[in-house]
Number of protein chains: 2
Amino acid sequence: MAATIKDVAKMAGVAVSTVSYALNNSPKISEETRKKVIRAAEELSYRPSGAARNLKKRKSETIGLFLNDLGGPFYSQVIEGVQEVVASHDYNLIVCSTYGGENSSANRFLREKFVDGAIIMGTAIPDSLILQVAAESFPIVVLDRELKSDYVHSVLITNEQGAYDAVTHLIKLGRRRIEFLSGPLAAYDNSKRYDGYKRALTEHSLHVPPKISLQGRYLEAGGYQTVKVMMACKRLPDAIFAANDEMAIGAMRALREGGIRVPEDVAVVGFDNISFGPFVRPSLTTIGHSKYEMGAIATQLVFNVQKEENSILLPTQLVIRQSCGFKGTHNENEESYIFHEGRRNQG
Amino acid sequence: MAATIKDVAKMAGVAVSTVSYALNNSPKISEETRKKVIRAAEELSYRPSGAARNLKKRKSETIGLFLNDLGGPFYSQVIEGVQEVVASHDYNLIVCSTYGGENSSANRFLREKFVDGAIIMGTAIPDSLILQVAAESFPIVVLDRELKSDYVHSVLITNEQGAYDAVTHLIKLGRRRIEFLSGPLAAYDNSKRYDGYKRALTEHSLHVPPKISLQGRYLEAGGYQTVKVMMACKRLPDAIFAANDEMAIGAMRALREGGIRVPEDVAVVGFDNISFGPFVRPSLTTIGHSKYEMGAIATQLVFNVQKEENSILLPTQLVIRQSCGFKGTHNENEESYIFHEGRRNQG
DNA sequence: TTGAAAGCGCTAACAA
DNA sequence: TTGTTAGCGCTTTCAA
């Protein structure tokens, strides 16, 4: 049986409150007593119960970051931004996958008040749950998702404008038949990006395809497959605007396998500027946004609880590389950016 | 004030125990009562307190995965392996950075029994803490780290043999002056990899440099810097064996900037087979190991508590690409492996 | 099938 | 400076 505060008190010959004060560095306790308590605690390998402390204090000093996919190439910089700000408040951060639907850890943690605030990225947590649990004592920030309510803030990026910029760039390079390689139709960012795509075509008096024929579920394999099918069935476009980089890279793989040259025959532009975009061949032109900032700002909002809904809009930038045919000033050293420069001690 | 179980009981006109049973789907409760309770709970937006439940049950049904660096290109597959097995036991997973030394979240969670078991990768958690907290009720598995004790298991990879294979490969290709680009000297895996390097040289009667002159801290920038310095100071080797891929890629960047051709002038081999190794130019020859398995097996060990120390050794494989000069059968489609094929709904 | 009550391990108000 | 004690919100034993 693990030692509790009572055992420590008994061994040290003091009251439990004294142990609590001593171990929490309360100034009330004399040095002598504190030493005695610490010695007893060590002797018994005492480990305080976080659960009991949280219950008593009614807070956990922990922020939860809930992501669809812990491993994705997209998230690491967001996590870093969150981590840094959480640590600066001397809070803990737990990162948690939303994988698993109704009974996912994320849902449980959110419902059971394991954390004092949450940052949510991805669509696996339904709006209803967020609205239900958000409160003054439980602020929530959603990333790249529109959701307005008290104590729910959002950090958005200019999805529509970014897509508009991407497609306009293609048009300026002389492309006329530009296909939209779509992510999940229900996804917020996907639909915004589609809107930007349509606006660019419309403003340049180009034909907007009546329906979305390429759907890649935001996955590399999805982009690959749907473009494969397209190549078998119909006339090629002269450009593809993919709603994210993974699909763009999948599309390029399919095109290459089909003997289609990128960018000569078909130009490709993605969205997100994921870290290895510079390394695919040809390197990927894309729309970038600052992921670190996104995480850091979101976390500031969590600590800065306000009733009024508050949404912050971050800009996107066109990042020109080789997949769209314009020979941008490709910086060979860009490579170094893909690495996280933090402490690492593990191979 | 958030509603508690008492409030629900009052509103439903039943005892708190009844509420508890009803909400936890105990078969004792009549359907009628259960409905009444559920209605009251909804009415009050009742959210059970995980802290109270954990305190009472003396467990959290949560496993902690503690990593140096949540964002690194190395970890995502490990996380996936862990996630899957944890979920299959209907447990929760929290991933947590060890960043922050003494007061890091990781240390706190470990000490305060927030989790029922832990998987630790990286050196930021000292042996002493691990040994202190490991117990039957708190199994710990360390990844790629040798630590023997009751209730501490380890999952290792054949670091020494892998390094030996890498260097032997270089020797077979005719390289004779092979430098070791080292990670932190104190790192376990680094020293094993160094041992393998030395053994390969010795067995082939090649000169082993008397001291390690290249130290890159396992970082891309570290590899870059130290190789830059080397190029300015001394005669070039004809090959570099880097203790991890990041440093290898940094080394290649430095070499390229110095007008040195890879692999013609200097061959480079890394270690770990990180996901974008196929995409750097030239693509990186490296030593691979299965990171998903590592995570999955570690998690099995956590659930499979045993007193006896138990260590599992996973093999490594030479992955031949272009940076070492041997034209392996480079599979263009390898590209697709770098993507996680799970659910993603977020751009 | 339901209720009463003990108690998980801690913090903090209050008393001494 | 230290001790006594109530109670955080649950689960679960035992009684009804």
Side-chain angles (χ1 to χ4, degrees), chain A residues 1-38 40-41 44-62 108-109 111-116 133 137-138, chain B residues 1-38 40-41 44-62 108-109 111-116 133 137-138:
Chain A
M1 213 41 221
T4 72
I5 197 170
K6 265 189 193 162
D7 302 315
V8 178
K10 198 175 297 169
M11 173 157 229
V14 297
V16 291
S17 58
T18 304
V19 175
S20 175
Y21 290 132
L23 260 25
N24 290 299
N25 297 313
S26 160
K28 313 176 166 187
I29 299 298
S30 72
E31 257 331 291
E32 197 189 0
T33 309
R34 189 189 312 280
K35 286 222 180 86
K36 207 164 55 181
V37 168
I38 290 175
L44 294 166
S45 298
Y46 170 66
R47 297 168 60 203
S49 155
R53 198 170 56 88
N54 288 354
L55 174 58
K56 183 68 196 177
K57 302 189 92 169
R58 283 127 131 209
K59 62 176 177 174
S60 62
E61 300 191 328
T62 300
R108 277 187 266 188
F109 286 143
R111 266 201 295 259
E112 301 195 349
K113 308 192 243 183
F114 260 108
V115 292
D116 295 343
V133 302
S137 61
F138 194 62
Chain B
M1 213 40 222
T4 71
I5 197 170
K6 265 189 193 162
D7 303 313
V8 177
K10 199 175 296 171
M11 172 157 230
V14 298
V16 291
S17 55
T18 304
V19 175
S20 176
Y21 290 134
L23 261 24
N24 289 298
N25 297 313
S26 159
K28 315 175 164 186
I29 300 297
S30 72
E31 256 331 289
E32 196 188 1
T33 309
R34 189 189 312 281
K35 285 220 181 86
K36 208 165 53 182
V37 169
I38 289 174
L44 294 166
S45 298
Y46 170 65
R47 297 167 60 203
S49 156
R53 196 169 55 86
N54 287 354
L55 175 58
K56 185 67 197 175
K57 301 188 92 168
R58 285 130 129 203
K59 62 175 176 176
S60 61
E61 301 191 329
T62 300
R108 277 187 266 189
F109 285 143
R111 265 200 294 259
E112 302 194 350
K113 309 192 241 184
F114 261 107
V115 292
D116 295 343
V133 302
S137 61
F138 194 61

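Chain letters run A, B, ... following the sequence lines, proteins first, then strands; residues in each count from 1. Hydrogens, waters and symmetry mates are skipped; everything else that's a heavy atom, side chains included, is used.
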| task | Establish whether the base of D:dT13 is bridged to the side chain of B:Tyr21 by a donor-acceptor pair shorter than 3.5 Å. | result | yes
| said: When you measure only distances, ignoring hydrogens and angles, does the side chain of B:Lys56 come within 3.5 Å of the base of D:dG9 through a donor and an acceptor? | reply: no
| field | Side-chain heavy-atom pair A:Lys113, A:Val133 within 4.5 angstrom cut-off | value |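 No, too far: nothing below the 4.5 Å cut-off.
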| Note, A:Asn54 side chain near B:Phe114 side chain (heavy atom, < 4.5 Å) | yes
Which part of the nucleic acid, if any, lies within contact of [X], taking any heavy atom under 4.0 Å across all strands shown: a base, the sugar-phosphate backbone alone, or nothing?
| X | answer |
| --- | --- |
| A:Lys57 | sugar-phosphate |
| A:Arg34 | nothing |
| B:Ser20 | base |
| A:Ser17 | base |
| A:Asn24 | sugar-phosphate |
| A:Val14 | sugar-phosphate |
| A:Ile29 | sugar-phosphate |

| Distance-minimising heavy-atom pair for B:Ala40 and B:Met11 |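 For B:Ala40 and B:Met11, the tightest heavy-atom pair comes out as CB-CG, 3.7 Å.
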| Comparing A:Pro27 and B:Ala51 on DNA chain D - which has the more 5′ nearest nucleotide | A:Pro27
Please state how far atom [atom1] in [X] lies from atom [atom2] in [N], giving the value in whole angstrom units.
| X | N | atom1 | atom2 | result |
| --- | --- | --- | --- | --- |
| A:Asn54 | D:dC10 | CG | P | 14 Å |
| B:Leu23 | D:dT11 | CG | P | 8 Å |
| A:Arg108 | D:dC10 | CZ | P | 17 Å |
| A:Lys113 | D:dG9 | NZ | P | 7 Å |
| A:Phe114 | D:dC8 | CZ | C1' | 15 Å |
| B:Leu55 | D:dG7 | CG | P | 17 Å |

| For A:Ile5, which of A:Ser20, A:Ser49, A:Ser17, A:Pro48 qualifies under side-chain contact (heavy atoms from CB on, under 4.5 Å)? |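 Going through A:Ser20, A:Ser49, A:Ser17, A:Pro48 one by one, the side-chain contact (heavy atoms from CB on, under 4.5 Å) with A:Ile5 is satisfied by A:Ser20 alone.
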| field | Residue among B:Thr18, B:Ile38, B:Val19 satisfying side-chain contact (heavy atoms from CB on, under 4.5 Å) with B:Thr33 | value |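 It is B:Thr18, the one option of B:Thr18, B:Ile38, B:Val19 that forms the side-chain contact (heavy atoms from CB on, under 4.5 Å) with B:Thr33.
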| Spacing of NZ belonging to B:Lys36 relative to CD belonging to B:Glu31, to within rounding of 0.5 Å | 12.5 Å
| field | Nearest-0.5 Å distance that lies between atom CD in B:Glu112 and atom OG in A:Ser60 | value | 11.0 Å
| message | Closest-nucleotide mapping onto DNA chain C: is A:Val19 or A:Lys28 further toward the 5' terminus? I mean the 5' end. | response | A:Val19
| query | Should A:Thr18 be listed as having a side-chain N or O under 4.0 Å from OP1 or OP2 of D:dG3? | reply | yes
| Looking only at side-chain N and O atoms, does B:Arg53 come under 4.0 Å of OP1 or OP2 in D:dG9? |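 No, no such contact exists.
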| Exceeds 12 heavy-atom contacts within 6.0 angstrom, atom CD of A:Glu32 | no
| request: Shoot me the first and last contacting nucleotide of DNA chain C against chain A, ordered 5' to 3', at under 4.0 angstrom to non-hydrogen atoms. | output: C:dG9 to C:dA13
